[in-house]
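Worksheet: the structure to be examined is printed underneath.
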Amino acid sequence: MSWTLHGDGKSVAPDAIVKPGERLGWLQTIGFGAQHVIAMFGATFLVPLITGFPPSTTLLFSGIGTILFLLITRNRVPSYLGSSFAFIAPVMASKNGDDFSAALFGIVVTGALLALVGLLVNQVGTGWIHSLMPPVVMGVRSSP
């Protein structure tokens with residue numbers, strides 16, 4: 001994939017967007033990358049520790065999910081797939097002692113549903129989501 005430098009590579013105007021095919025200068029890119037590593041590490045490593053899952057398993061499947069996502073999207077959308085703090089309460093409520101079977105089933109079903117929603121959005125667009133959720137949840141909808 002070829003990248004183009006966004007603007008001067010050192011700053012982003014308040015109303016500008018760095019597009020997926022663009023990047024900032026290497027110093028800024030490394031800085032943003034480090035920020036993302038720190039942010040993603042919390043969810044991907046701390047959530048398993050809190051819920052009792054092995055962090056190594058979570059990291060493995062996070063990597064597999066990220067690789068699959070990048071292959072499916074043909075690397076058009078840079079993304080990292082990891083855990084979420086939103087899973088803590090449901091996992092803790094659904095596990096029975098050391099039995100994680102119900103929690104694992106719920107996580108797999110959630111992943112399958114998210115994949116189906118992704119396919120639906122890919123086929124029909126996002127208009128139906130904007131009609132279901134208010135701007136405070138989705139953000140202000142820009143005009144095409």
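The model shown is predicted, which means the values in this text are computed figures rather than measured ones.
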[X], [Y]: one ILVMFWY side-chain cluster at the under-4.5 Å cut-off?
X    : Y    : result
W26  : V18  : no
L116 : L132 : no
V117 : M133 : yes
L119 : V124 : no

Answer whether the closest heavy-atom distance between the side chains of [X] and [Y] falls below 4.5 Å.
X   : Y   : result
F32 : L24 : yes
F53 : V91 : yes
V47 : S84 : no

Side-chain atoms of residues 100-109: list all donor-acceptor pairs with protein atoms under 3.5 Å, sequence neighbours left out, distances to 0.1 Å.
| unit_1 | atom_1 | unit_2 | atom_2 | d |
| --- | --- | --- | --- | --- |
| S101 | OG | D99 | OD1 | 2.9 |
| S101 | OG | D99 | OD2 | 3.3 |

If I take atom [atom1] from residue [X] and atom [atom2] from residue [Y], how far apart are they, to the nearest 0.5 angstrom?
X    : Y    : atom1 : atom2 : result
F41  : S83  : CZ    : OG    : 12.5 Å
W128 : L120 : CH2   : CG    : 5.0 Å
Q28  : H6   : CD    : NE2   : 11.0 Å
I50  : F87  : CD1   : CZ    : 14.0 Å

**OP:** Identify the two heavy atoms, one from F85 and one from G42, that lie closest to each other, and give their separation to 0.1 Å.
**Re:** CZ-O, 3.7 Å
Original post:
Knowing that exactly one of E22, K10, R23 qualifies, which makes a side-chain contact (heavy atoms from CB on, under 4.5 Å) with L5?
Top reply: R23
Original post:
Hey, does the side chain of T44 reach the backbone of L59 with a donor-acceptor pair shorter than 3.5 angstrom?
Top reply: no
Subject >> D8 side-chain N/O to S11 backbone N/O, donor-acceptor pair under 3.5 Å >> reply: yes
Which side-chain N or O atoms in residues 62-72 pair as donor and acceptor under 3.5 Å with protein atoms at least two apart or in another chain?
| unit_1 | atom_1 | unit_2 | atom_2 | d |
| --- | --- | --- | --- | --- |
| S62 | OG | Y80 | OH | 2.7 |
| S62 | OG | L81 | O | 2.5 |
| T66 | OG1 | S62 | O | 2.9 |
| T66 | OG1 | L81 | N | 3.0 |
| T66 | OG1 | L81 | O | 3.4 |

